[in-house]
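Right, one structure below, let's go through it.
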Amino acid sequence: AQAATGTGASASALTALRSTLGQNGQLPCITNPALQALLPAQIGSQRTDLPHGASADAYNQCYALAQLAEESAQMNASAAAFCASPTSGPFQIAAVAEAAQQAHQRASWAAATLATFESQQVEKGGDIGWIVTMKQVAKQAADAADEAAENCKVH
């Protein structure tokens, strides 16, 4: 699909995509059980339940990266459904397909950043089990986001 020209087509595509996401225009909550298990119980430096060698800032940043990847994959699942709808117009599909590609890039970046952080933590000799889990969640989400973005291109 070719990119939409003009802001009117992009705005209407965004409005249509929001309608597929729900009445409030919000993405669904995180449903990945592995990511939910890692949900920070408390944000801040007073946390006592962190894995060995993990600072609260590092843990929260890694969690946010995994969450970004997961939300990008969820957005792309909605985008793929929108693009497959027979009521979607070609300019709307083009705009949503572009947004899906950008979401895939965000998810891939998050997964790559977590992989880099993991290798840095290995060098420091810290516990990396929690990073590995977050990296796996982000990688799976990036793969799902890619597949959904490709599905948008087909329409």
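Here the side chain of T133 pairs a donor or acceptor atom with the backbone of G129 at under 3.5 angstrom. Of the possible donor and acceptor atoms, none in the side chain of S88 sits under 3.5 Å from a partner among the backbone N and O of A84. Q92 places a side-chain N or O within donor-acceptor distance of the main-chain N or O of G89, the cut-off being under 3.5 Å.
Listed here is the closest heavy atom pair of A145 and A73: CB-CA, 3.9 Å. The minimum heavy-atom distance between M134 and Y63, with the atom names listed, is SD-N, 3.3 Å. Between F117 and C62, the shortest heavy-atom contact is CD2-SG, 3.3 Å. Looking at every heavy atom in both residues, A66 comes nearest to L114 through N-CD1, 4.0 Å. Closest approach of A80 and A148 over heavy atoms only: CB-O, 3.8 Å. For A97 against C83, the heavy-atom pair with the smallest separation is N-SG, 4.4 Å.
At a threshold of 4.5 Å between side-chain heavy atoms, the hydrophobic network of Ile, Leu, Val, Met, Phe, Trp and Tyr places V122 and V132 in one connected group.
For A103, the side-chain contact (heavy atoms from CB on, under 4.5 Å) test picks out S72, M75, N76, R106, with sequence neighbours left out. Among residues two or more places apart in sequence or in another chain, the side-chain contact (heavy atoms from CB on, under 4.5 Å) test is passed with E150 by D146, K153.
For the atom pair CD of E118 and CD1 of I131, the computed distance is 6.5 Å after rounding to the nearest 0.5 Å.
Side chains of Q67 and E71: a donor-acceptor N/O pair is present below 3.5 angstrom, by distance only.
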For W109 and L65, run side chain to side chain contact (heavy atoms under 4.5 Å, CB included): C-alpha distance rounded to whole Å, both residues' side-chain angles, the deciding distance at 0.1 Å, then the answer. CA-CA 9 Å; W109 171 82; L65 287 169; 3.4 Å; yes

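By the neighbour-count criterion of 12 heavy atoms within 6.0 Å, atom CD of Q120 is densely surrounded, having more than that number from other residues, nucleotides or ligands.
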